Protein chains: 2
Amino acid sequence: MEARRHPTIRDVATRAGVSKSLVSLALQGSSRVSETSREAILAAADELGYRPNASARNLGSARSRTIGIFLLDLHNPITADFVDAVRAEARARDYRTILVVGSDDAAAEYAELEKLLEFRVEGMIALGHRLPVRARRVISAGFPAIIVSSEHPRVPHLASIANDDVAGAQMAVDHLVGLGHRRIAHVTGGSNAVAQRRQAGYEAAMRRHRLARQIRCHVGAFSDVGGHAGMLDALSRRPRPTAVFVCSDFAAVGAMAAATQLGLRIPEDLSIIGYDGTNLSALPTLGLSTIAQPIAGMGTLATQLLAAHLDDGLPPPRSTLVEPQLVARSTTSAPPRPG
Amino acid sequence: MEARRHPTIRDVATRAGVSKSLVSLALQGSSRVSETSREAILAAADELGYRPNASARNLGSARSRTIGIFLLDLHNPITADFVDAVRAEARARDYRTILVVGSDDAAAEYAELEKLLEFRVEGMIALGHRLPVRARRVISAGFPAIIVSSEHPRVPHLASIANDDVAGAQMAVDHLVGLGHRRIAHVTGGSNAVAQRRQAGYEAAMRRHRLARQIRCHVGAFSDVGGHAGMLDALSRRPRPTAVFVCSDFAAVGAMAAATQLGLRIPEDLSIIGYDGTNLSALPTLGLSTIAQPIAGMGTLATQLLAAHLDDGLPPPRSTLVEPQLVARSTTSAPPRPG
DNA sequence: CCGTAGTGTTGGACCGTTCCAATAGCGTGA
DNA sequence: TCACGCTATTGGAACGGTCCAACACTACGG
């Protein structure tokens, strides 16, 4: 309780018998400090349990070497992978990070953003499709920011990194066609931009494989309930599809349940492939084939671009697409009867 | 790029035609500032886009009004609920929060802890069963901290909040017995303390229901693979159990797969109940009955205790147990044949 | 023997706040 | 009219670092 004052750089200096300036230099790892002094200083710091005060450091120096991570949804499992990647890369480049989480409550979300600015972060990396209005204003005013998202919001000075949804959807279709499927249906994710791009990729690939007449889109959603409904619709048509590309992993879980309820075995009677590569799909008991977004890679890339901008003044590219990856597991196989 | 200097309190003062001290007072909401001055100051601050500098504020005042949240695993879905609860409560009490995440890499984890201390957080709330050695040392030295975990680590000055695993396990058994089951097996989580308490609760409840001779423990783990193995073991005995209490939700998913593979229908042939109340269990396609830890409540309580300690000097209770809750879904029902 | 370059070290200004003691202005009762 | 108390306001000293210009000391070439 009685938290006695933290030792300061001056306490260390007194103990080591040098000036505070030399302590500062030594702790920064300057090469102009003699071996003798350095050792004495480090020893003194250790004995006193000295810990630098981040506030004082940030005040005194022009740069905070801190970047803010703005997250939309802590519940989404890909968030964790993303954060891990950003943090690792930031650490490697000697930046520290502050995490901040959006919220349904606009006031709370704004408070979080304020916090980022009050801590004088040098730049920000955001994950998610949405960006608070005030954030847009700050970014437009020249605050360095990179958004990792499928959308590219029309905000001046904002760079974006996105997964190539169109290409990913095509990979899903290519995979199914490669297994021998022809009647391939698609359960969509609704009318948002992401869902539309995935649908466009599906349709383009089908046409490319000369399967334009087999194109069947069934309205669903990114939730498991939506996938369930979309799948029931898909399976009500005759002849039934032998494979279904579902808009997301979460929706695919619902879709699998629907197929199982109708007595279909997966993958013997019906192949199913999802999208996102969440760790939900990796559950051994599900074994869902999916198109994985390289979320960690996107985090790393975002950090590299931001750091390059801050350190060398390189302007980050306005918009970058990264390639998704096919992960074939046990929900896709050859169709029941060839053809 | 050309980030022109941030406006400071002095810029605001000049513009409003008052002294910097008065600006400081006004922005803190002091009642000793005249209405006229206050309005002029707020207007000037707004026009300049003034934003307080958190570093300077923390340097100048004795207290940072910031508490650190130390997380072990961002991937665990309960983490998000916990963070939400802590943040909401902290905000209500006018504390800000900094998130910090542990890591498998000890050096990285230590760096995160350092960061917390460098930002001079006033206290810390940790979620998880493990605490870095250095953290224990800092806490023992008097740093206010509360851990939310099933363990109570033997660290001086550390308060803990835990879910009552023993009571929770008993609730699971009571539920099954109430449905008419008598041959109730348990898939354990191994030899750690949490698993042992859940097992102890299971055995105590069985004895209380005069079912001591039906006690069957099958070694598993907290993973889905572990649950799968434990369940296979449980189902290899004759007569088969009619219900199984599995140590965790994640393990229960594996256990369900094992039962299904053996051709058993859930819940018609076999009832299964998990533990934790993760949102995994809430998936409509699983509908897993479970014992939910009131994780949000634990986060709120931890924050209240810590704030009370910091504000009023109340010492938090060394150790608090909170009651879990039964969530009955669709994996539990009456046994095939009564008795 | 002296100017010079390089190395190691130092004091002090400064960063943007908070906090405190001091003060100016003003009505008020003796 | 003046000491008094009250309110609104002020300047300046912290806070704990970084950074810079200046300095002492040594080594060295001319």
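In the text below, chain A, chain B and the rest are named by the order of the sequence lines, each starting its count at 1. Because the structure is predicted, anything quoted here is derived from the model rather than measured.
- A donor atom on one side chain and an acceptor atom on the other are not found under 3.5 Å apart for H6(B) and D11(B).
- A salt bridge does not link R15(B) with D46(B): none of the charged nitrogens is closer than 4.0 Å to a carboxylate oxygen.
- Between I9(A) atom CD1 and dG11(C) atom P the separation is 13 Å, expressed in whole Å.
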Set out, in order, the CA-CA distance, both residues' side-chain angles and the distance that settles salt bridge (Lys or Arg N to Asp or Glu O under 4.0 Å) for E112(B) and K115(B), then state yes or no. CA-CA 5 Å; E112(B) 290 296 315; K115(B) 184 162 74 184; 3.4 Å; yes
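- Classification of E109(A) and R134(A) as a salt-bridged pair fails, no side-chain N sitting under 4.0 Å from a carboxylate O.
- Judged purely by atom type and a 3.5 angstrom limit, H309(A) has no side-chain atom pairing as donor or acceptor with the backbone of P316(A).
- To the nearest 0.5 Å, atoms CG (L127(B)) and CG (D73(B)) are separated by 9.0 Å.
- Within residues 52-66 of chain A, the residues approaching DNA chain D are N53(A), A56(A), R57(A), L59(A), G60(A), S61(A), by heavy-atom distance under 4.0 Å.
- Using a cut-off of 4.0 Å between Lys/Arg side-chain N and Asp/Glu carboxylate O, R87(A) and D105(B) are scored as not salt-bridged.
- Results of the side-chain contact (heavy atoms from CB on, under 4.5 Å) test with L310(B) over R93(B), E122(B), R65(B) single out E122(B) as the only residue that passes.
- Sorted by first then second residue, the ring pair (Phe, Tyr, Trp, His ring centres under 6.0 Å) pairs that include residues 93-119 of chain B, not counting sequence neighbours, are F119(A)-F119(B).
- A salt bridge is defined here as a Lys NZ or Arg NE, NH1 or NH2 lying under 4.0 Å from an Asp or Glu carboxylate O, and E114(B) with R51(A) meets this definition.
- The backbone N or O of G299(B) sits less than 3.5 Å from a side-chain atom of T303(B), completing a donor-acceptor pair.
- Non-hydrogen atoms lying under 4.0 Å from DNA chain D are contributed by R10(A), K20(A), S21(A), S24(A), Q28(A), all within residues 10-37 of chain A.
- For T300(B) (side chain) and A296(B) (main-chain N/O), a donor-acceptor pair under 3.5 Å exists by modelled atom type.
- With a heavy-atom cut-off of 4.0 Å to chain B, the contacted part of DNA chain D has its first and last nucleotide at dA8(D) to dG16(D).
- Summarising the geometry of P317(B) relative to L305(B), their closest heavy-atom pair is CD-CD2, 3.9 Å, with the distance given to 0.1 Å.
- Within residues 40-47 of chain B, no residue has any heavy atom closer than 4.0 Å to DNA chain C.
- Each end of the helix from dC1(C)-dG30(D) to dA30(C)-dT1(D) gets its own axis, taken as the rotation carrying the C1' atoms of four end pairs onto the next four within a five-pair window, and the two axes meet at 70° to the nearest 10 degrees.
- Judged by distance alone, with hydrogens and angles left aside, the side-chain atoms of S30(B) form no donor-acceptor pair with the main-chain N or O of Q28(B) at under 3.5 Å.
- Checking S21(B) against S24(B) by side-chain atom types alone, no donor-acceptor pair falls below 3.5 Å.
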